[in-house]
Every structure is written in C-alpha cells, then in structure tokens.
Amino acid sequence: MSDKVVVVSGHNYVDTSIRIADELHADFLDVKYKRFPDGEIYVKIEEPSIIRGSIAVVVSTMYPDQNDSLVETLFLLNAVKRYNPQKIILCIPYLAYARQDKEFLPGEAVSGEVVINILSSTSIDALVVVDIHAPHLLDSFKGYTANVLISDLLVEEGLKTMSNPIILAPDKGAIGRARYAAEKHGLEYDYLEKHRDRITGEITIKPKNLSVKNRDVIIVDDIISTGGTIAKAAEMVLGQGARKVYVAASHALLINDALAKIRRSGAKLILTANTLARRIDDELIRYVDISSRLADTIESLLH
Ligand code: R5P
C-alpha cells in the first residue's frame, strides 16, 4: 500500500499547491489564515489528524511579502509537525534572500545563509526549491535538497515562435541555466559580460562578439527584479543585429517599472513560471505552469 500524502499550502499560493496535490493524488488540507489586529500571523490546519503517519508536503513561496511568508511557512511546519507525519517535505519555489549568498561588502549579513539555517532548524526531511540564485546555499541544509531547474520548459515555450535560436545568459554566473536548456533542446548557448556596482547597484553589460546577427535570441536568467539586467542585455543583442529577443526567467518579480523597461528594450516576450504568489496580466508575459515538474520532484522524495 502506498503512503498517504497530504499537502498544506501558504495562504497566497493555494492554486499552484492544489495543482501539485492533484498531480500527487494527495489530500489537500485547508488552512485557516488570519492576522491579529497587531499584524501577527495565525494559521490553523483544518482536520489536522489526517496528517498522522502521512508524508506531509508544505508548499509555500516567498514573494511577495518575503518576511511574512517565511514566518507563515515556519508556523505551518510547526502545525504539521505536531501531528507526527512520517516525513515532511517543504517545497518553496521562490526562496527569498538567496542573492545575498556571501559577504560582498564588509559587515553585511549573509541573509541567504540565515534563511537556510532557519529552515534547517525545523528538522524537515527535504527541501525543494526552484532555480535558487546561489545553489551552494543549500549545502548547509541538514536534510535532502533539490534545486529544480526549469529553463528548459521556459525555452520550450519560446521555441514555438522562434527561428534559428541561440540561448544567452546575461552573465557568466547564469551560464548553467542557459546550458541546461540548450542541452535539452540541442541549441547553441553563450553568455554576456555583466558587472553590477555593489554600492550603486548600477549594471553594465559589455558587448561581446557574438554571432547573433539575424538570429532569434532567448536570454535566460533566474530572477527579473528591477529589469535592469534583462533590458540592458536585450538592448545589447538587438544592437548587434539580433532579429528578435525573448527573455526567460524563472522568477519574474518585475518590481516598479521593470515591465516598462523591458518593453522599451525591444524584448518581445517574457517567459516565466508560476513560482511566485503574484501573477501580472500583460501581453508581454507568458506563464508556464511548472506544478507537474515540482510534483515529479516531490514524488521522487516520497519513499
Ligand atoms: C543576479 O545576478 C541575478 O541572477 C539577476 O540577474 C538579477 O537579480 C536581476 O536583477 P535586476 O532585474 O534588478 O537587474
């Protein structure tokens, strides 16, 4: 007999969590979520006794409201643990703070390390994340970890309307994502040369002698935050004669005027996934549902 699986979700990520639960043929447990008048968070799992002896999967994501989401996730883990599941798997598609993965300037906190250590202290058995900015952060997690790459799925969607494509990473650090998608689809890939000023945040992308002339280009990155990186990269390759530029990013935060910036850059499409608890309806953005890939990863951790 197979083990019973139950899924519990963060309050702002219910749609994707239900899809994952359906794929896993798991019970989806309702959670009552509220805020006290002073702003504190309260969670209560309905019918918690179903958790006993099961494999419990907590699904939650950390954008928007990174800090509150972290606290809510910790509360959900506490509530789940009280009912003695045989195993707890935490799936956080977007793990916030992962860009601060080291002390870039003297005196900085290594926030990504703090988040991983907090999650590790809950003694969960496995942690599943999607395309974490700095995979090495997962090394200090005490249980099993899986970093699910999805650049191939985003590129697959883009390829439907591209010809003679090449995949580019906006900097050397992102080359792994570009390579992953390129190898899955048998495409060429390369990277651009980016520099970010750690104090002003200003980005410069140096031209590189790439053969993009008359080719369709897909720029693959993990996060679009202010849109500066992607907009500059798109402008640069269009300036070098690319015919059409698409952007594929696992986590499209798109803060402030990021969308307008990317539109102005000439990029024709932003391909992203449902890793966040926010969806922006705009003709420039296309969302790819990754719940079945997440379910496959979780499934592989069940036994
Ligand atoms: C940084 O190295 C990341 O991989 C992304 O390129 C970066 O976070 C994007 O930020 P923004 O959209 O603000 O340029």
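In this chain, numbering begins with 1 at the start of the sequence shown. The structure displayed is predicted, hence computed values, not measured ones. Order of appearance sets the numbers: ligands from 1, and atoms from 1 within every ligand. Values reported hereafter were calculated over all heavy atoms of this structure, with side chains retained and with hydrogens, waters and symmetry mates removed.
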**Asked** Taking the minimum heavy-atom distance to atom 2 (O) of ligand 1, which of Arg177, Arg196, His133, Lys261 ranks first?
**Response** His133
**Option whose closest heavy atom lies nearest to atom 4 (O) of ligand 1, chosen from Asp222, Leu253, Leu254, Ile223** = Asp222
Need the ligand 1 atom indices (1-based, order shown) with element for anything under 4.0 Å from a heavy-atom of [X].
X      : value
Gly228 : 12 (O), 14 (O)
Ile203 : 14 (O)
Ile224 : 12 (O)

Quiz question: by atom type and distance under 3.5 Å, do the side chains of [X] and [Y] form a donor-acceptor pair?
X      : Y      : answer
Arg99  : Ser111 : no
Lys142 : Ser123 : no
Asp101 : His136 : yes
Asn67  : Tyr97  : yes

**Request:** Start with the C-alpha gap between Leu119 and Phe141, add the side-chain angles, then the distance that decides, and say whether side-chain contact (heavy atoms from CB on, under 4.5 Å) holds.
**Result:** CA-CA 8 Å; Leu119 294 176; Phe141 186 79; 4.3 Å; yes
Could you check [atom] against the protein and tell me its nearest heavy-atom contact, residue, atom and distance included?
atom                    : result
atom 8 (O) of ligand 1  : Arg99 NH1, 3.2 Å
atom 14 (O) of ligand 1 : Thr229 OG1, 2.6 Å
atom 5 (C) of ligand 1  : Asp221 OD2, 3.4 Å

**Prompt:** Does ligand 1 have a heavy atom under 4.0 Å from the side chain of Ile230, from its backbone, from both, or from neither?
**Reply:** neither
**Asked** Using a heavy-atom cut-off of under 4.0 Å, does the side chain or the backbone of Thr226 touch ligand 1, or both, or neither?
**Response** both
**Request:** Please report the shortest heavy-atom distance between Thr275 and Thr61, naming the atom on each side.
**Result:** O-OG1, 2.6 Å
**Partner set under ring pair (Phe, Tyr, Trp, His ring centres under 6.0 Å) for Tyr13, not counting sequence neighbours** = none
**Asked** Between Lys194 and ligand 1, does any nitrogen or oxygen pair lie at a separation below 3.5 Å?
**Response** yes
**Min N/O separation Gly227 to ligand 1 under 3.5 Å** = yes
**Message:** Ring-plane angle category for His11 and Tyr33, please: parallel below 30°, perpendicular beyond 60°, tilted otherwise.
**Reply:** parallel
